[in-house]
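Notes follow once the structure below has been shown.
Because the structure is predicted, anything quoted here is derived from the model rather than measured. Atoms considered below: every heavy atom in the structure, side chains included; atoms not considered: hydrogens, waters and symmetry mates.
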Amino acid sequence: MQLEKVYEPQRFEPHWAQWWIESGIFQVDAKWAQARRASGAHDARSENTGRTFSLVIPPPNVTGSLHIGHMLEHTIMDVAVRWHRMQGEITLWLPGTDHAGIATQMVVERQLASEGLTRKQLGREEFERRVWQWKEEYGGRINHQIRREGASVDWSRERFTMDPGLSRAVRETFVRLWDKGLIYRGEYMVNWCPRCQTAISDVETAHEAIEGYLWHIRYQIRGSGEALIVATTRPETMLGDTALVVHPEDKRYLHLHGTTAILPILGREIPIIADPLADPAFGTGVVKVTPAHDPNDFEVGKRHKLPFVKVIGEDARMTNAAGPYAGLDRFEARKRIVAALEQSGELVKTEPYTVSIAKCDRCKTIIEPLVSTQWFVRIKPLAAKAMEAVRSGKIRFVPDDREIIFFQWMENIRDWCISRQLWWGHRIPAWHCHNCQEITVARETPALCPKCHSTEVEQDSDVLDTWFSSGLWPFSTLGWPDDTEDLRTFYPTSLLITGFDILFFWVSRMIMLGIECTGDVPFREVHLHGLVRDAERQKISKTKGNVVDPLDLIERYGTDACRIALLISAAPGADIALKTDRIESARAFANKLWNASRLLFMNMERSGIDSWDPKESTGSLSTEDVWIEERLNSCAAIVDDALKAHRYHEAAQALWDFVWKEFCDWYLEVKKLQFDSHALSVYERMLRLLHPFMPFVTEELWQRLMSVSPAEHAKSLSLAPYPKPSGSWSENKKVEEFRLIQRIVTNAREIRADRKIDPKLQLESTLHLRDGLLSRSDLTVIESLAKLKITQTAMVESTDVALPFTLTIALDSQSNGASRLRLEKDNARLEKAIVTQSRQLNDHTFVSKAPAHVIESMRAKLAEYQAQLKKNRELLDNFE
RNA sequence: GGGCGCGUAGCUCAGUUGGUUAGAGCGCCUGCUUCACACGCAGGAGGUCACAGGUUCGAGUCCUGUCGCGCCCACCA
């Protein structure tokens, strides 16, 4: 039972992390769970409610490693999961990783580069083999981190987005969407990243405002002396111009409709057409149209059937269509074109201009919008259902103001480009016939073309956007499309906890695909947490070099300290500035708990208690016992409410205050004077209450305590029942008495600090005390806590020796005086409030207009005020 | 151009339907090597809750405006 003198989490945390897995206590058997739910049967190891609670981990990139943001996310999830598990619910937390297409491919390509290789040299098959190899090598790192975080996941259900089962789910989804006409293939304007060499979706681009120029260029009208001035921010695209556009109603240019202009440099003739695209109020009101390189121009090009001239290629170099500039990088071409126009006098003006450019989210390369054949999801029908699910409350956001952003995005959503020109990912299940050009989309690889029976069929070389497969995560991991036990038991999942930054990438796609594939929402609640930033509130990123490895922190401070530190800072949706002083103080907290336990165990020994039975009743409770029961109960109630509302920081704070300020600073200080086993009972419940937040140290201490318990108990604290707030102790007289002791001790300490007291008041106080508010043993406690020597005689009879008591009473008398004034003031306020509220409640117009719950709460408040007023008046009477 | 949020102690931040004396951690000051803990104990200083109005018996909390900061979305050359 002896505890080591120093709190060293490194000594036991890895042990419990290992043991939790080996003992399989976080594994759930779906069949067992189903039967249990059906029968509502009780489980010996915890009181089983028959309810289920399930969630899936947001799968981290398999070749990456976890950062401190993951630790926050996993800690919040773990609190929720452990709390539900201890409530006796059938609880599943499913772990796994994501293949993360572009990100992983980039990592492996970089590795190849260091060997002087490119993926093209290796070939597709060999490259894929290399990525798998990489995955096997580094995938374990994440799992190790998750274990050390204390995450109570079910490892038997670990999944990877490229597992055969999940790949089948991807194909199934693709085929279904294709059959319903919700997937199409075509030539459209896409965001092309010249570095990644692939198309990316709209959400994978980041817009940035940069200082650029607006170049004004003269376009000569054919067969007339007239010319139009056109402004552009991208002069290199002019080589691909196929028209000039003016607004149909712009009076300045009516006479030019249908004429042609001469494209500078190339001398090509291009038509002047009318289209609402041109804003007469902007610049000269004339727009050059490059249908192959601008999304707006693309639309105009389609509308007017203009030729599409592609002057910039996939490698961001000018194509042969760019004539003299062919082969040049797009920005080099821009420079030369501007210079050439300047020389020829066709450049009439250059003005500084702030332009918004799109960059590749991943590599920050400037996106080149270009026309390309890609696969798309027709997203509007899916978005409509997703919005309906949120609007009807089938999915709830926490914090709920995030819904606004969700709706705003969903309403303006555009079709989702899902094909990527990568090698790492799920191949698109479509086959092209080289003979008849037919495209076959199928679940299984076709042997021959279903149309012409040619064997010359080849699978589409593109892979799917990584978010397409992670969008299926909540159900593909549970066995969908098969109707599995897991799916029936755990879907829809209860909760999703993830970062706000992937709301559009992931959360919205899961909602859309979940509803489409399964007919039900993928989760009932979405908790969006904030970002962990560094101490200077900067975003954490590899390039800034401020990345924190959770394992380093865990090594230094222990997992529990890191967890409680993160939790206590985690207000819903708010970013966290990570400062080590917070974690240091959290370690001090864990140390405090450790030493409080030492004290208890030592006292057990000292008082000859060699075993402790949680079921045994402890007989009559002393003043401090009743008080701590009340505090514990109140703490449990706060934790309960806070966790229900996803206010983890509030729960953590309440526990911190209870453990340190109340249990250690007051209860134990008193209890160690007259130790009995009731302290152990409070202590044990406290450990249970704290366990979801600090699982390691509580498990360690609890197991040690239970090792001397003859009673039957759960195998792990993780399976013990969570203390429920119950009953009301606050009305108990002993609670009031203990509060008085607290005041007396505090005041006695003030006396020791040489504060002056009015002697007249001291005497009155002494008398007051004698009236039996406090017992002799209470006085001993006070004496001891306040570290003063007093005698009974002195206390009763002499005003100058009985310092502690006289002092106390002095303050008491003073506060009586103050209370009286306060009561009078308070009553005036209450009377006023009662008059106002009554008037409002009697006002028929007000009552008919105000919502029912407002009226109700006003009535309740009014009653409260009246009761308070009555109580105050009685108190005032007693003063006289 | 739209949308969302923030401004509270020296620093980092809590403060859920308005309600006694606005809180925590760190830092700072004073006193304690008290037999669980100096990763500790007891006490203290420090706030016109950005500013100006308004609603209310009562505003850090609700409304309007101003200033400062951040984020997200957006095809205006």
Side-chain angles (χ1 to χ4, degrees), chain A residues 3 5-7 189 202-203 207 214-215 230-234 237 245 277-279 281-290 294-299 353 355-356 358 369 399 401-402 404-405 408-409 412 414 500-501 503-504 531 535 537 557 561 565 568-569 571-582 584-603 641-642 645 647 649-650 653 656-657 664-665 668-669 672 745-746 749-750 752-753 784-787 818 822-823 825-826 828-837 853-854 857 861 864-865 868:
Chain A
L3 277 190
K5 190 172 160 94
V6 189
Y7 164 72
M189 177 71 55
D202 291 341
V203 279
H207 291 265
L214 197 54
W215 285 280
V230 179
T232 180
T233 56
R234 300 195 60 197
T237 62
V245 160
L277 169 76
D279 175 3
F282 186 91
T284 55
V286 187
V287 187
K288 64 191 242 355
V289 183
T290 321
D294 180 278
N296 281 322
D297 296 3
F298 178 82
E299 295 301 324
Y353 192 72
V355 285
S356 168
D401 57 4
R402 295 296 190 271
I404 298 173
I405 296 166
Q408 190 182 296
W409 188 74
N412 299 313
R414 293 175 7 169
F500 175 70
D501 51 336
L503 175 62
F504 305 138
L531 249 56
R537 296 201 62 77
Y557 303 102
I568 218 160
S569 322
D575 287 357
I576 296 174
L578 184 77
K579 297 182 87 181
T580 47
D581 60 7
R582 193 109 219 175
E584 272 164 26
S585 115
R587 182 184 52 189
F589 174 72
N591 180 62
K592 185 74 181 174
L593 175 67
W594 183 265
N595 279 292
S597 310
R598 268 189 91 209
L599 174 72
L600 282 169
F601 292 164
M602 285 167 85
N603 269 294
D641 286 347
R647 301 174 63 80
H649 68 303
E650 200 176 290
Q653 183 73 53
W656 180 294
D657 288 346
C664 292
D665 287 355
L668 285 187
E669 292 295 336
K672 71 183 177 189
V745 170
T746 310
R749 281 168 180 157
E750 281 184 27
R752 294 182 69 233
S784 161
L785 289 177
K787 307 218 163 53
R822 180 131 26 95
L823 280 175
K825 226 175 117 188
D826 207 34
R829 173 180 73 84
L830 286 167
E831 277 162 18
K832 217 169 158 189
I834 289 169
V835 169
T836 326
Q837 297 232 347
H853 71 272
V854 169
S857 91
K861 262 184 189 167
E864 208 178 289
Y865 292 156
Q868 185 69 42

- Query: Under 4.5 Å between any side-chain heavy atoms of A:L668 and A:L600, yes or no?
  - Reply: yes

- Taking C-beta and beyond as the side chain, do A:W409 and A:L503 meet within less than 4.5 Å on heavy atoms? no

- Hey, is the side chain of A:D581 pairing donor to acceptor with the base of B:C26 inside 3.5 Å? no

- Message: With heavy-atom distances below 4.5 Å as the criterion, would you say the side chains of A:R582 and A:I568 are in contact?
- Response: yes

- Item | Least distance between heavy atoms, A:A358 atom then A:H207 atom | CB-CE1, 4.1 Å

- Task: Report the distance from atom CG of A:D575 to atom P of B:C6, rounded to the nearest whole Å.
- Result: 13 Å

- Query: Of the nucleotides B:A77, B:A36, B:C4, which one has an atom closest to the side chain of A:M602?
  - Reply: B:A36

- Look at all strands and tell whether A:L277 reaches a base, only sugar-phosphate, or nothing, counting heavy atoms closer than 4.0 Å. base

- Message: Looking only at the side chain of A:H649 (C-beta and beyond, no hydrogens), which of the listed nucleotides B:A14, B:A24, B:A36 gets closest?
- Response: B:A14

- Task: Would you mind telling me which of B:C72, B:A36, B:U12 lies closest to the side-chain atoms of A:A577?
- Result: B:U12

- Task: With the side chain of A:A588 defined as its heavy atoms from C-beta on, choose the nearest nucleotide among B:C26, B:G40, B:C37.
- Result: B:G40

- Interatomic distance, A:R402 CZ vs B:G3 P [rounded to whole Å]: 17 Å

- Note on the structure: Of the listed B:G25, B:C39, B:C37, the closest approach to the A:V6 side chain comes from B:C39

- Query: Would you say the side chain of A:L277 lies within less than 4.5 Å of the side chain of A:D297, judging by non-hydrogen atoms?
  - Reply: yes

- Query: For the pair made of CG in A:N595 and P in B:C35, what is the distance, rounded to whole Å?
  - Reply: 13 Å

- Message: Can you give me the closest heavy-atom contact between A:S569 and A:A565, atom names plus distance?
- Response: OG-O, 2.8 Å

- Item | A:F504 side chain reached by A:I405 side chain, heavy atoms, under 4.5 Å | yes

- Task: Please state the C1' separation for the pair B:A59 and B:C51 - nearest whole angstrom.
- Result: 16 Å

- When rounded to the nearest Å, what value does the distance between C1' atoms of B:U64 and B:G46 take? 33 Å

- Message: Suppose we call a contact any N or O donor and acceptor under 3.5 Å apart; does that hold for the side chain of A:K592 and the base of B:C37?
- Response: yes

- Message: By nearest atom, which of the nucleotides B:A14, B:C37, B:A77 is closest to the A:A571 side chain?
- Response: B:A14

- Rounded off to whole Å, could you give me the CG-to-C1' distance for the A:N603 and B:A36 pair? 9 Å

- Aromatic plane relationship, A:F282 with A:Y353 - under 30° parallel, 30 to 60° tilted, over 60° perpendicular: perpendicular

- Message: Among B:A77, B:A74, B:C37, which nucleotide has an atom closest to any side-chain atom of A:H207?
- Response: B:A74

- Checking B:G5, B:U16, B:A42 against the side chain of A:D665 (C-beta onward), the nearest is B:A42

- Spacing of the C1' atoms in B:G25 and B:U8 (rounded, Å): 15 Å

- Same-atom distance (P) from B:G47 to B:G70, integer angstrom: 28 Å

- Query: Between A:R414 and B:A74, does any side-chain N or O lie under 4.0 Å from OP1 or OP2?
  - Reply: no

- Message: Assuming nearest nucleotide by heavy-atom distance, tell me which of A:I404 and A:K672 is located more 5' along RNA chain B.
- Response: A:I404

- Query: Counting only distance, no hydrogens or angles, is the base of B:A24 paired donor-acceptor with the side chain of A:E650 under 3.5 Å?
  - Reply: no

- Note on the structure: Comparing A:F504 with A:I576, nearest RNA chain B nucleotide closer to 5' gives the residue A:I576

- Whole angstrom is fine here: how far is it from CG in A:N591 over to P in B:A38? 8 Å

- Where does RNA chain B pair, written as one dot-bracket string 5' to 3', with Watson-Crick or G-U pairs under 3.5 Å, ( ) inside the strand, [ ] for crossing pairs and | for another strand? ((((((((.[[[[.)...(...]]]].(((((.......))))).....[[[[[..)....]]]]])))))))....

- Query: Could you give the CD1-to-C1' distance, from A:I405 to B:G5, as a whole number of Å?
  - Reply: 8 Å

- Is there a donor-acceptor contact under 3.5 Å from the side chain of A:N603 to the main chain of A:L599? yes

- Has A:K5 got a side-chain N or O lying under 4.0 Å from the OP1 or OP2 atom of B:A36? no

- Task: May I have the distance from A:W409 (atom CH2) to B:C73 (atom C1'), rounded to whole angstrom?
- Result: 11 Å

- Message: For a quick check of understanding: with a heavy-atom distance under 4.0 Å over all strands, which category does A:Q653 fall into, base, sugar-phosphate or nothing?
- Response: sugar-phosphate

- Check the distance between B:C72's C1' and A:D401's CG and give it to me in whole angstrom. 13 Å

- Using the C1' atom as the reference point in each nucleotide, state the distance between B:U55 and B:A24 in Å, no decimals. 32 Å

- Any side-chain donor-acceptor pair under 3.5 Å between A:K288 and A:T237? yes

- Between B:G1 and B:G10 - C1' atom distance, rounded Å: 40 Å

- Separation between the P atoms of B:G7 and B:U61, rounded to whole Å: 11 Å

- Give one of base, sugar-phosphate or nothing for A:A278, where a contact means two heavy atoms less than 4.0 Å apart. base

- Message: With a 4.0 Å cutoff (strictly under), does any side-chain N or O of A:Y353 reach OP1 or OP2 of B:A77?
- Response: yes

- Message: Closest approach to the side chain of A:D279, judged atom by atom: which nucleotide of B:G25, B:A77, B:C39 is it?
- Response: B:A77

- Message: For the P atoms, the ones on B:C57 and on B:C11, what distance do you get once it is rounded to whole angstrom?
- Response: 37 Å

